[in-house]
Amino acid sequence: MPKKSVEDIEVKGKRVLLRVDFNVPLNINTGAISDDSRIRASLPTIKYLVDHKAKVILCSHLGRPEGKVVENLRMAPIARRLSQLMGLPVSTAFDCIGPEVESKVGTLKEGDILVLENLRFHPEEEENDPGFAQKLAKLADIYVNDAFGTAHRAHASTVGVAKYLPAVAGFLMNKELKVMGKLLHNPERPSACLIGGAKVSDKIELLQNLLKKVDVLLVGGGMAATFLKTQGYEVGHSLIEDDKVDLAKKLLQEAEEWRVPFLVPIDAVVAEEIRAGASTRVVPITNIPSGSHIVDIGPQSIKLFCSELAKCRTIMWNGPMGIYEIPQFAQGTRAIASFLCTLNATTIIGGGSSAEVVQAMGLTDKMTHVSTGGGASLRFLEGATLPGVKVLLEKK
Ligand code: ADP
Ligand code: MG
């Protein structure tokens with residue numbers, strides 16, 4: 001069921017508490033914002049509220065202050081960046097609840113923007129404490145959630161507050177739900193999912209759910225080793241989750257029952273050590289040396305995966321094909337990212353690392369959708385109802 005959006009509610013003159021996900025990466029040495037895409041992603045909602053004369057009160061978490069004030073996790077630099085992006089003044093508050101914040105909110109005029117202090121300076125935020133949620137709610141007349149990336153967490157600002165205010169979705173939230181909902185329920189076919197990343201255990205539920213939704217599954221990355229092992233191949237020192245071998249077997253059987261092709265790499269880049277500068281070799285999957293690690297998919301696998309993806313109208317990609325943090329082991333991941341851009345298909349990138357690669361390669365605009373929520377998109381694609389989505393009003 002689609003959710004009510006900011007367009008479905010009168011916001012003029014109202015105090016609107018807008019939960020955003022401004023948890024941007026910061027440079028650890030300088031504290032500078034290293035990537036502001038999460039701020040940019042919520043601009044349409046903020047602009048809409050400003051243009052429609054709401055009093056806009058933004059709240060977000062930033063980093064992991066663990067319930068205490070951490071000076072370099074204050075929201076002020078983010079408010080400054082927002083101000084630059086909006087071309088408008090943006091004020092800040094020294095806390096996110098309490099009498100001082102309330103009086104500051106009281107001075108807001110229509111179209112003004114206020115950024116509250118980091119929600120996670122209070123332990124009650126992550127505890128979804130009702131008293132804290134009520135104090136947040138007291139600041140506003142309407143609650144808008146645009147923080148898709150935090151919607152899988154039941155916190156005071158994502159779930160608790162919705163009990164006390166009319167709660168609707170922002171444009172980013174609705175876009176994420178629409179694109180990924182379509183992938184699950186009525187994709188343009190054929191559809192494919194390409195899954196990579198470190199561990200099978202992180203993505204078992206994802207694979208189980210997608211198996212029943214898509215026309216072809218492709219698996220690369222560290223998790224491929226467990227499937228290869230299941231099929232009887234030697235995988236050397238590659239990380240195997242022994243307790244997941246049975247589950248991997250079961251998944252392969254299910255794929256067969258559902259008649260969904262399940263492709264694994266046919267060759268691999270192997271290295272004796274996982275470090276920059278290590279010497280590497282390309283070997284067929286039948287010939288992984290016992291003393292080596294699989295660090296990337298090989299050129300034949302890239303070719304195979306690309307020819308399969310080229311047949312598809314909808315493609316969801318989640319998780320890198322290799323240990324992409326080491327440039328030498330990033331070729332498979334980079335080749336897939338470049339290839340996806342050339343296709344005339346719906347391309348959806350979910351997963352923190354995959355989104356990071358796409359962003360770093362400057363390809364974000366060439367994909368149909370790059371999800372702003374790694375963990376949240378994973379949970380959504382597993383078929384879960386996200387707690388932060390559940391509490392929003394339904395559009396009749
Ligand atoms: P995403 O954030 O896109 O969902 P994951 O968090 O599941 O992806 O996995 C990302 C991690 O997977 C990266 O740190 C990467 O180094 C690791 N990885 C990918 N391929 C391998 C491999 N062959 N061996 C070990 N780790 C791998
Ligand atoms: Mg990740």
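Order of appearance sets the numbers: ligands from 1, and atoms from 1 within every ligand. Residues: numbered from 1 along the sequence shown. Hydrogens, waters and symmetry mates are skipped; everything else that's a heavy atom, side chains included, is used.
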Parallel, tilted or perpendicular: ring planes of F132 versus H122, cut at 30 and 60 degrees: tilted

Contact region, K203 to ligand 1, non-hydrogen atoms below 4.0 Å, reads side chain

Using a 4.0 Å cutoff against the non-hydrogen atoms of N318, which atoms of ligand 1 qualify? 4 (O)

Which segment of H293 sits under 4.0 Å of ligand 1 when only heavy atoms are counted: neither

Which residue and atom name correspond to the protein heavy atom nearest atom 26 (N) of ligand 1, and how close is it? I323 CG1, 3.6 Å

Partner set under side chain to side chain contact (heavy atoms under 4.5 Å, CB included) for N72, not counting sequence neighbours: V70

What do you reckon, does Y324 have a nitrogen or oxygen under 3.5 Å from a nitrogen or oxygen of ligand 1? no

Can you tell whether the side chains of E254 and R259 come within less than 4.0 Å, N to carboxylate O? no

Do we see a donor-acceptor contact under 3.5 Å between the side chains of R19 and H61? yes

Could you check whether any heavy atom of I294 sits closer than 4.0 Å to an atom of ligand 1, since that is the contact criterion I want to use? yes

Counting both backbone and side chain atoms, is some N or O of S353 under 3.5 Å from an N or O of ligand 1? yes

Check each atom of ligand 1 against the heavy atoms of G351 and keep those under 4.0 Å away; list them by number with element. 1 (P), 2 (O), 3 (O), 4 (O)

Got a salt bridge between E102 and K138, using NZ or NE/NH1/NH2 to carboxylate O under 4.0 Å? yes

Using a strict cut-off of 4.0 Å, indicate which atoms of ligand 1 neighbour a heavy atom of E325. 13 (C), 14 (O), 15 (C), 16 (O)

Which protein heavy atom lies closest to atom 3 (O) of ligand 1, and at what distance to 0.1 Å? S354 OG, 2.8 Å

Enumerate the salt bridge (Lys or Arg N to Asp or Glu O under 4.0 Å) contacts for residues 43-67, please, sequence neighbours excluded, ordered by first and then second residue. none

A198, any N or O under 3.5 Å of ligand 1 N or O: yes

Measure the acute angle between the ring planes of Y48 and F171, then classify it against the limits of 30° and 60° as parallel, tilted or perpendicular. perpendicular

Minimum heavy-atom distance Q331-D296, with the two atoms named: N-OD2, 3.2 Å

Distance from atom 18 (N) of ligand 1 to nearest protein heavy atom, with residue and atom: G322 O, 3.8 Å

Ligand 1 contact by G374, heavy-atom criterion under 4.0 angstrom: no

Taking the ring of Y324 and the ring of F329, is the distance between their centroids below 6.0 Å? no

Quick test of your reading of the model: are R189 and D215 salt-bridged, counting only N-O distances below 4.0 Å? yes

Just which atoms of ligand 1 are under 4.0 Å from any heavy atom in G319? 3 (O), 8 (O)

Which ligand 1 atoms are under 4.0 Å away from a heavy-atom of G222? 19 (C), 20 (N), 21 (C), 22 (C), 23 (N), 24 (N), 27 (C)

